[in-house]
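Written out below as structure tokens is the structure these notes cover.
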Amino acid sequence: MIKNNMNRIRRSASRGMIGGIAGFIVERGLESATGMDFIDGVLEIAGATLGIAHANRDLHSTGLCRRSGNNRQGTRRFDTG
């Protein structure tokens with residue numbers, strides 16, 4: 001159990017770091033190609049977040065991260081009764 005958790009933490013950290021570096025490279029490339037200045041760190045944070053989510057995609061498939069309700073728009077369904 002502890003080894004499984006350590007593997008999950010290691011995988012999350014490594015994929016988050018790779019995503020952050022990829023976001024950094026993309027942001028610098030876009031800034032140099034277009035000459036526009038983007039908000040610093042936005043793509044790095046997005047890349048790190050997507051990397052961590054990809055590393056932990058098994059949580060999404062088990063339903064731990066799902067919203068309540070089964071409506072198709074992706075919004076939450078509240079019981080008013």
Side-chain angles (χ1 to χ4, degrees):
M1 183 69 165
I2 293 174
K3 188 171 184 172
N4 188 21
N5 287 337
M6 290 303 293
N7 286 338
R8 182 181 296 276
I9 291 169
R10 187 178 302 125
R11 188 176 59 221
S12 297
S14 64
R15 299 276 172 90
M17 184 177 65
I18 291 169
I21 291 171
F24 175 78
I25 292 169
V26 168
E27 183 173 321
R28 296 296 175 232
L30 283 174
E31 285 178 354
S32 65
T34 62
M36 294 174 28
D37 188 28
F38 293 99
I39 299 172
D40 291 334
V42 171
L43 293 178
E44 289 93 337
I45 293 170
T49 304
L50 289 174
I52 291 171
H54 181 69
N56 295 311
R57 64 184 177 267
D58 60 326
L59 293 178
H60 297 285
S61 65
T62 59
L64 295 176
C65 295
R66 286 191 190 151
R67 294 180 177 189
S68 61
N70 289 327
N71 48 350
R72 295 180 188 184
Q73 292 84 13
T75 57
R76 294 182 184 210
R77 184 184 305 180
F78 297 103
D79 292 330
T80 57

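Position 1 is the first residue of the sequence, and the numbers go up from there. Predicted model only: the values in this text are computed from it and were never measured.
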Do you know which two heavy atoms are closest between S12 and A55, and how far apart they sit?
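For S12 and A55, the tightest heavy-atom pair comes out as CA-CB, 4.1 Å.
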[X]: partners by side-chain contact (heavy atoms from CB on, under 4.5 Å), with sequence neighbours left out:
X   : answer
I45 : T49
T34 : M36, F38
V26 : L30, L43

Under the salt bridge (charged side-chain N to carboxylate O under 4.0 Å, His left out) definition, can you give me all pairs with a residue in residues 29-39, not counting sequence neighbours?
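Qualifying pairs: R28-E31.
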Side-chain donor/acceptor pairs under 3.5 Å, residues 14-21, sequence neighbours excluded:
residue : atom : partner : partner atom : Å
S14     : OG   : R10     : O            : 3.1
S14     : OG   : R11     : O            : 3.1

